[in-house]
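Within every chain, numbering begins at 1; the chains are lettered A, B, ... in the order of the sequence lines, protein sequences first and strands thereafter. Remember, it's a predicted structure, so these values are computed and weren't measured experimentally.
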There are 2 protein chains.
Amino acid sequence: MKKQESPVGVKEIARRANVSIGTVDRVLNNRTGVSASTKEKILEIIKELDYQPNVIARRLASKKVLRIASLIPSSSRETGYWEAPLNGIKQAADEIRAFGVVVDHYFFNQNDKKTFTKKAKEILRTDYDGVLLAPMFEQEAQAFVAKCAEKQIPYVLINSDLKDSDRVCYIGPDLHKSGYLAAHLTKYLLPPQSAVLIVNISREMDQHHHLLVKEEGFRAYFKNHHADVNIVKTDIREPDYESIQAELKKLFRKHQFDVVFVSNSRVFTVARYFEEQKISGIKLIGYDFLPENIAYLQKNVIDFLICQKPQEQGYKGITSLYQHLVLQTAIEKEQFMPIDIITAENYQYYRN
Amino acid sequence: MKKQESPVGVKEIARRANVSIGTVDRVLNNRTGVSASTKEKILEIIKELDYQPNVIARRLASKKVLRIASLIPSSSRETGYWEAPLNGIKQAADEIRAFGVVVDHYFFNQNDKKTFTKKAKEILRTDYDGVLLAPMFEQEAQAFVAKCAEKQIPYVLINSDLKDSDRVCYIGPDLHKSGYLAAHLTKYLLPPQSAVLIVNISREMDQHHHLLVKEEGFRAYFKNHHADVNIVKTDIREPDYESIQAELKKLFRKHQFDVVFVSNSRVFTVARYFEEQKISGIKLIGYDFLPENIAYLQKNVIDFLICQKPQEQGYKGITSLYQHLVLQTAIEKEQFMPIDIITAENYQYYRN
DNA sequence: GTTAAATTCGTGTACGTACACGGAGTTTAA
DNA sequence: TTAAACTCCGTGTACGTACACGAATTTAAC
């Protein structure tokens, strides 16, 4: 409940402590060369006045630029998912460029762990002030953030989290809940006593794990609601169309499904199969706002897409780092993205 | 494709033009005291160098604070809707306070035009640098923005737009599309040949107009899809529970509905009626993330809520004004909010 | 042609902080 | 005893822009 109408600066602090602004500056940037007693006194005054450093003047005076490295998957032909986070990162970078922050981009191949470690090493060599990371490969990512911690480099995680890491924050989905919601939607579309197919498509084990969490969420819903559904599931480890087609063909011969739930953005591949086989009447639910998926949404082959603001993940990742580094404000440690439902009617208004 | 690695400043411009930085400064802030010829020369050099003023230094040097006024409805007992935009406004205000911007809040009563005009007059008297406005009362708002234009005060509109106004931008929903989506959802929930009730609840004519646009969108969907549904609608002009109860009772005696669509946030009132009358099996769709609505969502009385990020509307309104005033960047003239679907499963992750 | 007024422009200071430099005082080493 | 080293701190300049003040030049008026 203090009046803080008059913004106090270093010189007011200096006046009250009977020292020069240089000394105050030294304790603020905790540099050496101040006796313990005066340092203490100054800190006390700073606290008492609730001194807020003028970030404007600070950035103006400091000629050194802050450097942030982002390390995320490259968007491949297989999935353009990472285009969106990258755009968010770029947008944030544009906005804070004027404040003396530059962002360098590093990309790795989702199907090749070596590219990850290589880029990680490069980043460590360059001594960045902050790192934005998509920790797709758990082991390797753990090793990387350990190195960052050692070098006192703050880092933010997006898209998936790492256990026990002291990141600045995590920004991304709650996978379990996301599958749970998908199940809820499914139930709206279903007659009682119907059959559901869960399709998990991914090559790398690390990624596959995410899908299994979603699947758990999906199953949990039906369990909690004592719904009588017959759930069949398949794990497809080769994401090319031929493999998927073969697998689906086999399954569709054996079963009669009412709903198909694809646990990631590859839903368009299944949609393609539906289209080619002229399958209709089966509801299709999947993930992510990709052009391919949207096309099938428009054609009513896909019924619902679940999306978790990939672009905002990138954007928030950078701005969180910026706030941590420049403004030094406290950051929410876990920022779960909203779970958005996209249909043929609202996709035009969706912003990632 | 220019190299713009080396940020040029006024003094580089001054050097090239053979004048002092003072003169350059004069043409930058187009003040008087510069001959036409030198002014032209300087402008040319500025363009050639693609000079970007240093916003940091600019705000530091300029001791004057920018003042923004926000004029929105107070959140009443009847509806807490405006709480969210207000929070967004406050959040944005916090973030840009450090940059020398202050935001003053003005509120009016949605049921009383006089309170609007009174506050508007106050704002005009105080000479603000920018205005954020929710133009609920069309005529009065038009008069207000005309005055703003006259005084060269830029303004941003949120929640609803004004025809032919030269606002900095409009931020809010596309009402028609929003009703259209509601209809789409409805169709998922419906057996063929079913009956739908549309409920519009609002006292003031101006507000009621918004609802009618949503209703149009709702009907348009069924028309476009040649769906065979029986639509009944009612306009309730007294938002208290008793009036609504009476009207619903009358309607439910006459008809058998499968879906009820309430065109604004008052859906909780209808939900209360459902609960009290132990009506179940009828799907209920409405608007806005209010505590009352969420409560009924949890109890599965309300099935879907449509929401258009009211908090973000406030937030973006302020930051747009900030970008216009301080950074002088170009602003997207029409920023339609995404149309979000909220269910019992994802509401916890919804952020306004 | 002289003076006043108007026009056009340069200089200096300020904004709040960062940081280099160096000075005064104290301790250590020779 | 004196030089050197170290501790602690004050001063000055710089960051890029805004703006007040006043100087130089041109124009107007008689």
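Across all strands, B:Asp25 comes closer than 4.0 Å to base atoms (heavy-atom distances). Base engagement by B:Arg31 is indicated by at least one non-hydrogen atom pair under 4.0 Å involving a base atom. Residue contacts for A:Gly9: at a heavy-atom cut-off of 4.0 Å it reaches the sugar-phosphate backbone alone, with no base atom in range. Within the 4.0 angstrom heavy-atom criterion, only backbone atoms of the sugar-phosphate kind lie near B:Thr38; the bases stay farther away.
Look at A:Thr23 and you'll find a side-chain N or O under 4.0 angstrom from OP1 or OP2 of D:dG10.
Side chains of A:Tyr128 and A:Asp104: a donor on one and an acceptor on the other come within 3.5 Å. Looking only at atom types and distance, the side chain of A:Asp166 has a donor-acceptor partner in the side chain of A:Tyr155 under 3.5 Å away.
Ring centroid separation for the pair B:Phe108 and B:Phe137 comes in under the 6.0 Å cut-off. A distance below 6.0 Å separates the ring centres of B:Phe99 and A:Phe99.
DNA chain D is contacted by both B:Arg26 and B:Pro53; B:Pro53 maps to the nucleotide lying nearer its 5′ end (nearest heavy atom per residue). Both B:Leu60 and B:Val19 lie near DNA chain C, and the one whose nearest nucleotide falls closer to the 5' end is B:Val19. Taking for each of A:Gly33 and B:Lys64 the nucleotide of DNA chain D with the nearest heavy atom, the 5'-most of the two is the partner of A:Gly33.
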*With salt bridge (charged side-chain N to carboxylate O under 4.0 Å, His left out) as the test, would you mind laying out the steps for A:Arg167 and A:Asp161 before giving the verdict?*
CA-CA 9 Å; A:Arg167 67 237 155 151; A:Asp161 206 353; 2.5 Å; yes
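Applying the side-chain contact (heavy atoms from CB on, under 4.5 Å) criterion to A:Asn54, with sequence neighbours excluded, gives A:Ile56, A:Ala57, B:Leu60.
Chain B approaches DNA chain C over the interval C:dT8 to C:dG16, counting the first and last nucleotide 5' to 3' with an atom under 4.0 Å from its heavy atoms.
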